[in-house]
Amino acid sequence: MFDSRETLTTKAFVAGYPIKHSRSPLIHGFWLKHNKIKGSYQKEEVAPASLPDFLTALKSDGRYVGGNVTIPHKELVLSIVDYPDELSKELGAANTLWVEDGRLYATNTDGHGFLSNLDERHPHWDNTNSAVVLGAGGASRAIIQSLRDRGIAEIHVVNRTYAKAQELADRFGPKIHAHQWDALPEVLQDAGLFVNTTSLGMEQNNATAIDFRSMRSGALVTDIVYVPMVTPILEKANEQGFATVDGLGMLLHQAVPGFEKWFGVRPIVDETLRSLVIADMVEHR
Ligand code: NAP
């Protein structure tokens with residue numbers, strides 16, 4: 001039987017492969033409830049070979065107003081959507097999609113999430129000419145792009161595999177400088193921001209002994225890894241007297257633009273949401 005309630009519900013999705021561990025439904029579910037919106041946000045397990053059909057169907061079947069794509073679809077999606085924006089084209093990856101007049105649009109909100117987290121938790125962090133980014137993987141790209149667009153004059157990228165750092169310097173222009181791993185102490189001197197984007201410091205890994213003491217006084221150290229919340233890198237920076245910001249807020253803030261696009265309300269990242277996600281991390285440790 002036709003259920004009229006079904007047509008009144010605005011629906012969004014997160015597609016990945018696998019998708020079981022995504023925390024996005026928890027975040028969007030919280031905002032839907034908090035804002036009393038009759039909507040849903042659900043997981044879709046989509047294998048890479050099925051992604052073109054899944055996305056093409058969205059344009060005509062009206063099932064979803066849009067959604068997120070996550071690993072391993074962030075790059076592939078660019079060749080399928082009708083209108084990727086300039087940000088996602090330069091980055092070579094998108095994570096947020098929406099349908100408009102039967103066309104599929106895409107952007108990338110990871111850089112927005114990164115900057116908003118720092119703006120919220122350590123205002124004026126961007127009052128510096130020099131930033132050091134450790135790592136040159138997928139997440140690092142969005143962070144380098146966002147730091148450049150924020151106007152940071154010199155961005156030093158240090159990576160175990162030098163060629164990948166060089167690739168990002170070539171992609172994002174003359175403000176970006178690629179370095180070998182052993183150049184880290186040198187580039188840290190007088191830097192105002194250090195960002196870890198490597199998986200060093202996640203539960204099974206040991207962080208290398210980074211000494212932050214040559215950084216500018218008042219410099220900020222942040223780690224986008226958020227399991228554990230206080231990573232060995234943040235612990236060390238704290239011990240050496242530097243301000244730190246954890247990576248959980250990046251995850252929360254990157255979800256804001258998508259929610260606003262699909263459901264028409266700009267959601268708030270607050271302590272209640274942070275606590276909810278932390279509790280979920282503890283439960284599923
Ligand atoms: P990725 O594309 O696989 O890149 C991994 C990076 O870590 C590369 O630069 C890699 O160096 C480096 N690396 C890995 N193991 C290393 C080791 N033992 N020693 C030195 N360098 C090492 O991963 P990603 O997608 O960028 O994600 C990186 C981390 O960020 C993950 O832990 C992820 O959970 C986290 N993350 C957090 C958020 C958030 O919202 N807070 C968002 C995205 C990602 P090589 O190039 O030499 O291999």
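In each ligand, atom 1 is the first atom listed, and ligand 1 is the first ligand listed. When a residue number appears, it is its place in the shown sequence, counting from 1. Computed from a predicted structure; not experimentally measured.
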Report, as yes or no, whether the 6.0 Å neighbourhood of atom CD on Glu186 holds more than 12 heavy atoms from other residues, nucleotides or ligands. no
Atom indices of ligand 1, in the order listed, that fall short of 4.0 Å to a heavy atom of Leu251: 40 (O)
Any atoms of ligand 1 less than 4.0 Å from a non-hydrogen atom of Ala136? List them with their elements. 9 (O)
Within the structure, does Thr161 bring an N/O atom to less than 3.5 angstrom of an N/O atom in ligand 1? yes
For the residue pair Phe114 and Val195, establish whether any side-chain heavy-atom pair is separated by less than 4.5 Å. yes
Ligand 1 N/O within reach of Met250 N/O, cut-off under 3.5 Å: no
Thr198, Ile71, Thr70: member with heavy atom nearest to atom 12 (C) of ligand 1: Thr198
Which atoms of ligand 1 sit under 4.0 Å from any heavy atom of Gly247? 41 (N)
What's the verdict on side-chain hydrogen bond (donor to acceptor under 3.5 Å, both in side chains) for Tyr83 and Glu100, showing C-alpha distance, side-chain angles and the deciding distance? CA-CA 10 Å; Tyr83 297 111; Glu100 231 174 85; over 6 Å; no
CD1 (Ile71) with more than 12 external heavy atoms under 6.0 Å: no
Can you name the atoms of ligand 1, numbered from 1 with element, that are less than 4.0 Å from a heavy atom of Tyr226? 39 (C), 41 (N)
At under 4.0 Å between heavy atoms, which part of Asn159 makes contact with ligand 1: side chain, backbone, both or neither? side chain
Would you say Gly113 contacts ligand 1, with heavy atoms under 4.0 Å as the rule? no
Walk me through whether Ser88 and Asp85 qualify under side-chain hydrogen bond (donor to acceptor under 3.5 Å, both in side chains). CA-CA 6 Å; Ser88 60; Asp85 69 357; 2.9 Å; yes
Touching ligand 1 at all, Trp181? Heavy atoms, strictly under 4.0 Å? yes
Step by step, work out the side-chain hydrogen bond (donor to acceptor under 3.5 Å, both in side chains) result for Asn159 and Gln166. CA-CA 9 Å; Asn159 195 44; Gln166 186 57 55; over 6 Å; no
For atom CZ of Arg213, is the number of surrounding heavy atoms from other residues, nucleotides or ligands below 6.0 Å larger than 12? no
Does a salt bridge link Arg141 with Glu167, judged by any charged N lying under 4.0 Å from a carboxylate O? yes
Taking 4.0 angstrom as the limit and counting only heavy atoms of Ala139, give me the atoms of ligand 1 inside it, by number and element. 24 (P), 25 (O), 26 (O), 43 (C), 44 (C)
Taking everything shown except Phe30 itself, do over 12 heavy atoms lie less than 6.0 Å from its CZ? yes
Ligand-side contact atoms (ligand 1) for residue partner Gly135, heavy atom cut-off under 4.0 Å: 9 (O)
May I ask you to check if ligand 1 and Gly138 share an N or O to N or O distance below 3.5 Å? yes
Would you please determine whether Gln254 falls within less than 4.0 Å of ligand 1 on a heavy-atom basis? no
Note: ligand 1 atoms sitting under 4.0 Å from heavy atoms of Lys164 are 45 (P), 46 (O), 48 (O)
What atoms of ligand 1 come closer than 4.0 angstrom to any heavy atom of Thr197? 28 (C), 29 (C)
Angle class for the Trp98/Tyr105 ring planes (parallel below 30°, perpendicular above 60°, tilted otherwise)? parallel
